[in-house]
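What's counted below: heavy atoms across the whole structure, side chains too, no hydrogens, waters or symmetry copies.
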Amino acid sequence: MERRPVFSSAIPAQRSESAWLKRFEPVPAPRIRLVCLPHAGGTAGAYHAWTRDLPADVELVAVQYPGRQERFGEPCVTDMGTLADHVTRALLPLTDRPLALFGHSMGASVAYEVTLRLIVRHQVRPHKLFVSGQTSPLRRSQDKDLHLRDDEALLAGLHALGGVEEEVYADPELRQLVIPSLRSDVRLIENYRRTQVQRVDIPVTAYAGDSDPEVSAADIGAWRDLTTAEFAARTLPGGHFYLQDRQAELVADIAARLTSVRAR
C-alpha cells in the first residue's frame with residue numbers, strides 16, 4: 001500500500017459542522033460512526049483510504065488538528081486537556097448515532113481522553129474504544145525530551161519510527177512546513193501525564209506492531225487497567241506505523257468488533 005506523506009495537500013471532503021472533523025464519504029443514516037484520531041504530526045487524510053474497507057453503514061469521521069493542511073494558519077494545540085476538550089465539543093452534534101473511537105500513537109491518548117469527557121461530562125457512552133501504537137497512560141515514560149531537541153534531532157527521531165516520510169526528511173522546504181506541527185504534537189504527548197486511574201465502562205481493544213521499538217505487547221496490554229468492560233489486545237506484523245501496510249487487516253478487525261452495534 002502506498003504511504004501517505006504527512007505534508008500532502010488537503011483531500012477534498014465534506015466539511016462537517018466543525019473544522020475539526022472531516023467526513024470523506026458521508027453516510028445518510030449510519031449504523032455507527034467511527035471517529036479516527038491521527039498520530040503526532042498526522043492529518044485527517046491519513047484515514048481517507050479506510051472508507052473503502054469499512055462496511056457501507058459505518059461512517060468514518062476523521063479529526064483534523066489545527067496547524068496543518070487547510071488549518072495550516074491556525075495555532076497548534078500544545079496541551080492534551082485543551083485538545084481533548086475541542087474534539088469532544090466538535091463531536092457532540094454527531095452523537096445522534098452510536099460512536100466508536102480509534103486513535104493511533106498520540107491519537108490513542110487523545111481518543112481515551114475524549115472518551116472520558118463524553119462519558120463523564122456529557123453522558124454520551126461510545127460503544128468501543130480502539131487504541132493503537134501507544135503505551136497505556138499509566139505506563140508512560142517520564143523522561144522523553146524529543147520536543148526539546150533541535151530540528152534535525154526531532155525529525156531524525158520521528159523518521160526512525162516512520163512518522164516522517166523520506167521526501168520530507170530530505171527536502172529542507174518541506175521540513176520547515178511540517179516542523180511546527182510535529183514539534184507541537186510531540187511536546188503535547190511527551191508532557192501528557194495521567195497519574196490517576198480513570199476507567200471507562202466500554203470495551204477497549206489495543207493494537208500494536210509486533211516490531212514496534214516504542215510500544216511492546218505488555219505496553220498495550222496495560223490498557224486493560226483502564227476499562228471495566230471487555231478488553232482485547234492484538235499485534236500485527238510491522239513497526240510503529242504497521243497500520244500503513246496492514247490497513248485492510250486492521251480495518252477488518254475493527255469492523256468485525258462493531259458488528260453488534262445497532263443504530264438507535
What pairs with [X] under side chain to side chain donor-acceptor pair (under 3.5 Å), at least two apart in sequence or on another chain?
X      : value
Tyr242 : Ser132
Arg89  : His86
Thr78  : Arg187
Glu230 : none

- Item | Sequence neighbours excluded - salt bridge (Lys or Arg N to Asp or Glu O under 4.0 Å) pairs with any residue from residues 205-215 | Lys144-Glu214

- Would you list the pairs meeting salt bridge (Lys or Arg N to Asp or Glu O under 4.0 Å) in which at least one residue belongs to residues 216-227, sequence neighbours left out?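 As it turns out, the salt bridge (Lys or Arg N to Asp or Glu O under 4.0 Å) pairs with a partner in residues 216-227, which skip direct neighbours, are Arg139-Asp219.
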
- Just do the side chain to side chain contact (heavy atoms under 4.5 Å, CB included) check on Tyr65 and Leu188 with the steps written out, would you? CA-CA 12 Å; Tyr65 307 136; Leu188 182 151; over 6 Å; no

- List in chain and number order the residues that pass side-chain contact (heavy atoms from CB on, under 4.5 Å) with Ala100, two or more places apart in sequence or in another chain; answer none if no residue qualifies. Ile32, Leu34, Lys128, Phe130, Leu258

- Residues which pass side-chain contact (heavy atoms from CB on, under 4.5 Å) with Thr115, listed by chain and number, not counting sequence neighbours: Leu101, Ile119, Pro126, Leu129, Val200, Ile202

Gap separating the [atom1] atom of [X] from the [atom2] atom of [Y], nearest 0.5 angstrom:
X      : Y      : atom1 : atom2 : value
Arg199 : Thr227 : CZ    : OG1   : 9.0 Å
Leu250 : Ile254 : CG    : CD1   : 4.0 Å
His39  : Ile189 : NE2   : CD1   : 12.5 Å
His48  : Cys36  : NE2   : SG    : 12.5 Å
Thr205 : Arg257 : OG1   : CZ    : 4.0 Å

Write down the atom of [X], the atom of [Y], and the distance for their closest heavy-atom approach.
X     : Y      : result
Gly81 : Arg117 : CA-NH2, 3.5 Å
Arg71 : Ala19  : CD-O, 3.6 Å
Leu83 : Trp20  : CD1-CZ3, 3.5 Å
Pro38 : Gly42  : CB-C, 3.8 Å
Ala29 : Arg97  : CB-NH2, 3.8 Å
Pro66 : Glu74  : CB-CB, 4.0 Å

Backbone of [Y] reached by a side-chain donor or acceptor of [X] within 3.5 Å:
X      : Y      : result
Tyr47  : Leu37  : yes
Tyr192 : Met106 : no
Asp185 : Gly41  : yes
Arg194 : Pro137 : no
Gln134 : Ser109 : no
Arg125 : Asp201 : yes
Ser211 : Gly238 : yes
Arg68  : Val178 : no

- Step by step, work out the side chain to side chain contact (heavy atoms under 4.5 Å, CB included) result for Leu91 and Val124. CA-CA 10 Å; Leu91 288 176; Val124 173; over 6 Å; no

- Task: Apply salt bridge (Lys or Arg N to Asp or Glu O under 4.0 Å) to Asp53 and list each qualifying residue two or more places apart in sequence or on a separate chain.
- Result: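 Not a single residue meets the salt bridge (Lys or Arg N to Asp or Glu O under 4.0 Å) criterion with Asp53.
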
- Query: Got a sec, which residues hit salt bridge (Lys or Arg N to Asp or Glu O under 4.0 Å) with Arg234, two or more places apart in sequence or on another chain?
  - Reply: Glu249, Asp253

Would you mind writing out the side-chain donor-acceptor pairs for residues 56-63 within the sub-3.5 Å range, not counting sequence neighbours?
unit_1 : atom_1 : unit_2 : atom_2 : d
Asp57  : OD1    : Arg31  : NH2    : 3.4
Asp57  : OD2    : Arg31  : NE     : 2.8
Glu59  : OE1    : Arg33  : NE     : 2.7
Glu59  : OE2    : Val27  : N      : 2.8

- Going through the checks in order, is the side chain to side chain contact (heavy atoms under 4.5 Å, CB included) test met by Gln247 and Trp50? CA-CA 7 Å; Gln247 173 187 304; Trp50 283 34; 3.7 Å; yes

- Could you tell me whether His104 and Tyr207 have their ring centroids closer than 6.0 angstrom? no

- Who are the ring pair (Phe, Tyr, Trp, His ring centres under 6.0 Å) partners of Tyr112, not counting sequence neighbours? Trp223

- Message: Could you go through Val251 and Leu54, starting from their C-alpha distance and side-chain angles, then the distance that decides it, and tell me whether this counts as side chain to side chain contact (heavy atoms under 4.5 Å, CB included)?
- Response: CA-CA 7 Å; Val251 176; Leu54 284 169; 3.6 Å; yes

